[in-house]
Protein chains: 2
Amino acid sequence: MTKKRNTIQKALVYEAVNRLKSHPTAEEVYRYVVKDHPNVSKATVYRNLRQLAESVEISELQLPGGAERFDHITEPHYHVRCCKCGRFADVDMKYLPGLPEHITDSNGFAITGHDIVFRGTCPECSGGQTE
Amino acid sequence: MTKKRNTIQKALVYEAVNRLKSHPTAEEVYRYVVKDHPNVSKATVYRNLRQLAESVEISELQLPGGAERFDHITEPHYHVRCCKCGRFADVDMKYLPGLPEHITDSNGFAITGHDIVFRGTCPECSGGQTE
DNA sequence: ATATTAATGAAAACATTTATCAATAAGGCG
DNA sequence: CGCCTTATTGATAAATGTTTTCATTAATAT
């Protein structure tokens with residue numbers, strides 16, 4: 001049994017995710033942390049993000065489109081992604097815990113959860129309509 | 001306006017996706033193609049996958065967990081992903097075109113579609129239960 | 001056949017994440 | 001408090017997945 005240690009780096013990463021709020025990528029968390037603590041390594045940020053996600057202090061959003069993202073909200077909720085710029089946002093929609101019941105055949109998978117990602121165009125990108 | 005050309009490489013990539021069926025990654029498509037055509041470049045595979053996806057001859061699945069995947073089925077449908085081994089499968093569940101109507105606030109995004117990815121454990125991985 | 005230029009192949013560049021490994025420091029214990 | 005143990009760190013390299021670059025090739029129109 002491996003006992004975890006509380007390091008300032010871990011606290012910094014945790015605080016960054018909570019301050020940044022909007023689904024930051026590991027890179028964004030790193031940039032936030034190094035601002036005040038220039039000697040923190042990027043590997044440490046990745047390690048702590050993973051560790052915090054495992055202990056459910058933050059949640060890990062393996063969402064489509066490039067980098068993995070992290071969230072200070074640990075309750076399940078759904079997302080939208082802009083097809084043009086890749087930006088993410090939360091969607092205000094009731095979580096559907098009963099959704100897996102609609103599956104007729106899941107190939108023998110034991111379902112434990114689900115994500116919904118809507119596709120769309122964000123206000124910024126739909127402004128200039130042509131292209 | 002750029003006119004597209006029909007090349008044997010594009011045909012090979014298209015055929016590979018159709019033969020491989022099960023959500024191949026670009027890498028898997030590449031390996032399938034080079035078997036018989038060793039001089040085909042990996043960049044060409046990527047380029048043609050993207051181009052075929054744009055012209056909706058195949059579909060592009062930006063699903064969580066590593067590499068992007070491609071599918072010979074162009075109708076929308078949902079997926080499961082094994083948390084342990086990362087394997088993908090189709091899920092037999094009616095597509096829900098009306099799902100976006102449940103969104104109360106989409107941050108001004110114009111919704112054009114959605115994906116659902118169920119999380120679970122595949123038969124193989126749930127065999128040995130204790131981790 | 002010839003000209004135009006989209007598409008190719010090879011390699012380098014790029015982006016994201018993980019592994020390596022010696023050095024550091026957190027927490028337990030006397 | 002100071003000493004051990006070893007989890008964690010920082011720096012860098014490596015692995016992975018994808019895109020770019022650019023000179024060359026070859027698809028289509030004429």
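A note on names: the letters A, B, ... follow the listed sequences, proteins ahead of strands, and every chain is numbered from 1. Predicted, not measured: the structure shown is a model, and the values here were computed from it.
Where the helix from C:dA1-D:dT30 to C:dG30-D:dC1 starts and where it ends, the local axes point in directions that differ by 30°; five pairs per end, rounded to 10°.
Checking the phosphate oxygens (OP1, OP2) of D:dT18, a side-chain nitrogen or oxygen of B:Y46 falls inside 4.0 Å. A close approach under 4.0 Å does not occur between any side-chain nitrogen or oxygen of B:S41 and OP1 or OP2 of C:dA10.
Hydrophobic cluster membership is shared by A:Y95 and B:I103, with clusters built from Ile, Leu, Val, Met, Phe, Trp and Tyr side chains linked at under 4.5 angstrom.
Between B:E54 and B:R50, none of the side-chain N atoms (NZ, or NE/NH1/NH2) sits under 4.0 Å from a carboxylate O, so this pair counts as no salt bridge.
In this structure the side chain of A:E68 never reaches within 4.5 angstrom of the side chain of A:L61, judged on heavy atoms.
A:E68 comes within 4.0 angstrom of the backbone, heavy atoms only, and of no base.
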For each nucleotide in nucleotides 24-30 of chain D, reading 5' to 3', give B when a protein heavy atom comes within less than 4.0 Å of its base, S when such contact involves only the sugar-phosphate, and - otherwise. --BBS--
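Heavy-atom distances to DNA chain D give each of B:R47 and A:K10 a nearest nucleotide, and the one nearer the 5′ end belongs to A:K10.
One side chain, A:Q51 or A:K10, offers a donor N or O that lies under 3.5 Å from an acceptor on the other. Residues A:T25 and A:E27 bring no donor and acceptor atom of their side chains to less than 3.5 Å of each other. A side-chain donor-acceptor contact under 3.5 Å links B:D71 and B:H77. No hydrogens or angles considered: nothing links the side chains of B:H37 and B:Y32 as a donor-acceptor pair under 3.5 Å.
One finds the CZ atom of A:R69 at 8.0 Å from the CZ atom of A:R81 (value rounded to the nearest 0.5 Å).
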